[in-house]
Amino acid sequence: MSISGAIRARFAPSPTGYLHVGGARTALFNWLFCKRFGGTFVLRIEDTDILRNIEGAEQKLIDDLRWLGILYDEGPDVGGPLGPYRQSERRDLYDAAVRKLLAEGKAYYAFDTAEELDAMRKSAEAQKRSFRYPRPAHFPTEADAARARAEGRPVVVRFAVPNESITVHDEILGDVTFGAGELEDLVIVKSNGWPTYHFAVVVDDAHMKISHVLRAQEHLMNTPKHVFMQRALGYPVPKFAHLPLVFNIDGTKMSKRDKHKVVRAAVKERLRSKAWTKDDAARIAESAAEAMDTWLDKADTELDMGQVTRLAAAAGVVIPEIDVHDFRLSGYLPEALVNFVALIGWSPKNDREVLTREEMIEAFSLEGINKTAGRFDREKLLAMNTTYAAAASPARLREAFRDWASVSGSALSKLDDATAARALEVCKGFRTFRDVESKVGVLFGPDEAVAYDADAVQKVLAKGGGAGFAVLERLAPILEKLEPWTAEGVDGVIKGYCEESGAKMGDVAQPLRVAVAGRPVSPAIGETLVLLGKAGTLKRIGRCLRLRDGGSVAS
RNA sequence: GCCCCCAUCGUCUAGAGGCCUAGGACACCGGCUUUUCAUGCCGGCGACCGGGGUUCGAAUCCCCGUGGGGGUGCCA
């Protein structure tokens with residue numbers, strides 16, 4: 001049977017956490033494909049593994065897709081004619097399909113325990129042969145299954161894979177042939193009664209009339225299994241397109257465990273250099289000592305993210321972004337992330353890189369998708385975000401900034417619109433919103449929070465017999481008289497001072513900068529002082545002056 | 001081990017037998033702009049995995065090798 005009629009594609013994540021960037025790319029390609037060819041894009045939640053489902057994950061997935069602007073036509077929250085869109089709500093469909101296979105002798109009951117299967121696999125491995133589940137000569141009957149159940153044995157259903165070779169056509173990779181007898185009889189219904197992924201996918205894709213399956217290449221080996229099942233069930237076989245994988249820049253798999261890996265390594269380094277003790281680490285993380293020990297020793301364990309975040313901050317390492325939400329918190333623009341991710345494994349040709357959504361849709365095609373796995377180059381993402389931020393309209397930028405500030409809990413979320421716009425404007429050239437915060441955040445915080453950088457104080461203020469301090473002292477009364485308090489006015493004061501004293505701009509601007517920001521980094525000095533306000537500026541200059549002769553700013 | 005996929009600058013890629021002296025972007029290096037940090041602008045470095053074929057001609061087609069990756073679950 002072949003597909004005819006409308007184009008329908010789906011993104012089918014399991015609700016086990018935030019949306020991974022790899023998943024986002026898969027969703028994006030499905031969405032682009034549908035938009036380009038007039039298809040319907042479906043979101044289906046694959047929650048057949050009851051144990052792994054995480055409360056609230058579905059909503060997070062939906063939020064992240066929304067944030068990216070990847071909107072679906074049918075899904076669990078928006079409904080649609082072929083729902084429900086959660087597999088956990090479609091049990092009757094799977095049950096009916098299994099009954100059919102069982103009745104037709106295309107699937108059979110099996111009663112092996114996990115231990116027995118494990119032993120079989122191990123012995124096969126020991127004999128250096130590949131393990132394939134041995135299909136019984138006669139399939140167990142319903143009565144056998146009932147008896148096994150009564151005896152407390154696990155009862156699963158396996159699909160009897162036809163003993164024939166199969167060629168699957170992939171829209172990206174071309175024909176892929178699998179030899180006869182290479183596939184084993186896979187479990188399609190677990191002992192808890194729920195279908196496995198393979199089975200649920202096949203049943204749902206058919207019932208939801210999915211015409212094109214665009215999914216990650218890690219699913220390529222699953223495709224022949226699915227096609228055999230589609231044939232056995234009399235379903236149409238959709239078209240397949242397996243997308244190249246996305247890896248970290250070092251070629252490793254992008255996994256949420258990377259976050260723990262990076263922080264774990266940093267903590268271990270601290271322990272090795274005796275900068276921290278294990279107790280310090282546990283205290284910083286606010287975790288129990290045993291939990292810390294386990295986390296340090298075992299790469300496959302996780303502390304909660306709050307603990308990891310505290311450790312990372314204390315150790316001064318940056319946690320790598322893996323989930324879409326991580327990028328959101330880091331202050332990226334969704335349109336930049338989308339554009340960047342689209343370019344991993346796909347090319348619009350003609351040396352084009354920065355594309356609007358509409359341009360991407362217009363340029364999208366399966367032919368433009370590569371076969372080669374790609375790497376996620378954060379540097380390039382950063383550059384792209386910088387480009388997008390520089391090109392965004394003030395209104396769009398302010399909106400995105402507000403979203404970031406509120407989601408990340410930044411103190412900058414309390415800025416009024418005009419001030420936020422001004423802050424964004426004077427930070428022009430920033431890479432992410434996080435950069436904006438690190439550049440101007442201190443101007444909106446309490447005076448006591450200004451942390452004077454020792455090197456900067458030495459170099460800019462104390463050096464040359466306290467030349468910088470002297471500048472501050474002389475400038476303060478002049479600034480006090482300045483009215484109105486504008487960037488131009490401040491600049492004028494500085495220029496006038498320079499002309500009069502023969503000082504260079506840097507000799508004046510830098511002391512002021514360090515006095516109000518604690519560091520030699522801030523927006524243009526006039527803008528910086530205006531954002532701070534006149535009172536704040538004078539107050540901070542006064543506080544800074546107390547640093548002279550080794551004084552303290554503490555009041 | 002077995003099965004499958006892949007192979008152009010460090011990275012993402014353009015390239016569908018002559019247009020290739022292999023193009024673009026990021027990174028990197030150098031310079032310019034500049035009151036700091038960035039941004040911006042200009043320039044430079046830099047790749048067809050190896051070996052055999054096919055062809056007048058191969059980055060492009062075929063074979064072998066090598067390398068990388070995926071799969072081999074009652075996870076998806």
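Quick note on labels: first sequence line is chain A, next is B, and so on, each numbered from 1.
For A:Asn350 (side chain) and A:Arg352 (main-chain N/O), no donor-acceptor pair under 3.5 Å exists by modelled atom type. No donor-acceptor pair under 3.5 Å is formed between the side chain of A:Thr167 and the backbone N or O of A:Thr177. A side-chain donor-acceptor contact under 3.5 Å links A:Glu116 to the backbone of A:Thr113. A distance-only check finds no donor-acceptor pair linking the side chain of A:Arg519 to the backbone of A:Asp453 [under 3.5 Å]. Judged by distance alone, with hydrogens and angles left aside, the side-chain atoms of A:Thr387 form a donor-acceptor pair with the main-chain N or O of A:Ala383 at under 3.5 Å.
Between A:Asp118 atom CG and B:rC74 atom P there is a gap of 10 Å when expressed in whole angstrom units. The distance between atom CZ of A:Phe340 and atom C1' of B:rC26, rounded to the nearest whole Å, is 9 Å. Remark: P of B:rC74 and CZ of A:Arg153 are 15 Å apart, rounded to the nearest angstrom. Here the C1' atom of nucleotide B:rU35 and the CD atom of A:Glu488 are 15 Å apart, to the nearest Å. What separates CG of A:Leu220 from C1' of B:rU72 is a distance of 13 Å, to the nearest Å.
Two residues are said to be in side-chain contact when any heavy atoms from C-beta on lie closer than 4.5 Å; A:His212 and A:Phe240 fail this criterion. In this structure, A:Glu89 and A:Tyr85 have side chains that are not in contact, with every pair of non-hydrogen atoms separated by 4.5 Å or more.
For B:rG31 and B:rG65, the C1' atoms lie 46 Å apart once the distance is rounded to whole Å. Between B:rG50 and B:rA7, the two C1' atoms lie 12 Å apart (nearest whole Å). Annotation: B:rC5 and B:rC64 have their P atoms spaced 12 Å apart (nearest Å). If you take atom P in B:rC63 and the same atom in B:rC20, they sit 29 Å apart, rounded to whole Å. B:rC26 and B:rC41 are spaced 9 Å apart, taking the P atom of each and rounding to whole Å. Atom C1' of B:rA58 sits at a distance of 6 Å from the matching atom of B:rG17, rounded to the whole Å.
Contacts of A:Thr177 with the nucleic acid, taken as non-hydrogen atoms under 4.0 Å apart, involve only primed sugar atoms and P, OP1 or OP2. Among the heavy atoms of the strands lying under 4.0 Å from A:Asp112 is at least one base atom, whether or not backbone atoms are also near. Looking at heavy-atom distances under 4.0 Å, A:Pro13 makes no contact with the nucleic acid at all. Counting non-hydrogen atoms under 4.0 angstrom, A:Thr528 reaches nothing in the nucleic acid. A:Arg431 comes within contact range of the sugar-phosphate backbone alone, with a heavy-atom separation under 4.0 Å but no base atom that close. As judged by a 4.0 angstrom heavy-atom cut-off over every strand, A:Arg375 is placed among residues touching the sugar-phosphate backbone only. No engagement by A:Gly179 is indicated, since no non-hydrogen atom pair under 4.0 Å with the nucleic acid exists. Heavy atoms of A:Ile525 sit under 4.0 angstrom from at least one base atom. Counting any heavy atom pair closer than 4.0 Å across all strands shown, A:Ala524 reaches a base atom. Looking at heavy-atom distances under 4.0 Å, A:Pro154 makes contact with a base. Within the 4.0 angstrom heavy-atom criterion, no nucleotide atom of any strand lies near A:Arg129. Nucleic acid contact class of A:Lys371 (heavy atoms, under 4.0 Å, all strands): sugar-phosphate only. Note on A:Phe131: nothing from the nucleic acid sits closer than 4.0 angstrom, heavy atoms only. Looking at heavy-atom distances under 4.0 Å, A:His219 makes contact with a base.
The residue among A:Cys427 and A:Ala383 whose nearest nucleotide of RNA chain B lies closer to the 5′ end is A:Ala383. With the nearest nucleotide of RNA chain B identified for both A:Asn222 and A:Ser130, A:Ser130 has the one nearer the 5' end.
Look at B:rC75: it lacks any Watson-Crick or wobble partner with both distances under 3.5 angstrom. When both distances must be under 3.5 Å, the Watson-Crick or G-U wobble mate of B:rG65 is B:rC49. When Watson-Crick and G-U wobble pairs are counted only if both distances are under 3.5 Å, B:rC19 pairs with no nucleotide at all. B:rC26 is paired with B:rG10 under the Watson-Crick or G-U wobble criterion, all donor-acceptor distances under 3.5 Å.
The base of B:rU35 lies close enough to the side chain of A:Arg513 for a donor and an acceptor atom to sit less than 3.5 Å apart. In the interface, the side chain of A:Lys439 is paired with the base of B:rC37 through a donor and an acceptor atom under 3.5 Å apart. In terms of polar N and O atoms assigned as donor or acceptor, the side chain of A:Ser191 comes within less than 3.5 Å of the base of B:rC74 in a complementary pairing.
Of the candidate nucleotides B:rG15, B:rC4, B:rC6, B:rC4 has the atom lying nearest to any side-chain atom of A:Phe178. For A:Glu182, taking side-chain heavy atoms from C-beta onward, the closest of the listed nucleotides B:rG73, B:rC3, B:rC6 is B:rC3. Side-chain atoms of A:Ile249 lie closest to B:rU11 of the nucleotides B:rU11, B:rA7, B:rA14. Distance from the side chain of A:Lys190 is smallest for B:rC75 among the nucleotides B:rG69, B:rU11, B:rC75. Comparing atom distances between the A:Asp377 side chain and each of B:rU36, B:rG69, B:rC26 picks out B:rC26 as nearest. For A:Gln217, the side-chain atoms get nearest to B:rC5 when compared with the rest of B:rC5, B:rU13, B:rU11. Side-chain atoms of A:Ile344 lie closest to B:rC12 of the nucleotides B:rC12, B:rU36, B:rC6. Distance from the side chain of A:Glu353 is smallest to B:rA25 among B:rA7, B:rA25, B:rC3. When distances run from any side-chain atom of A:Leu245 to the nucleotides B:rU11, B:rG70, B:rU8, the shortest one goes to B:rG70. Residue A:Lys380 has its side chain nearest to B:rC26 when only B:rC26, B:rC3, B:rA14 are considered.
OP1 or OP2 of B:rU13 has not a single side-chain nitrogen or oxygen of A:Lys349 nearer than 4.0 Å. Contact annotation: A:Asn370 reaches the phosphate of B:rA14 (side-chain N/O to OP1 or OP2, under 4.0 Å). Close to B:rC74, at under 4.0 Å from its OP1 or OP2, lies a side-chain N or O of A:Arg121.
Aromatic pair A:Phe376/A:Phe327: ring centres closer than 6.0 Å. Taking the six-membered ring for Trp and the full ring otherwise, the centers of A:His219 and A:Tyr197 sit less than 6.0 Å from each other. A centroid separation of 6.0 Å or more is found between the aromatic rings of A:Tyr332 and A:Phe340.
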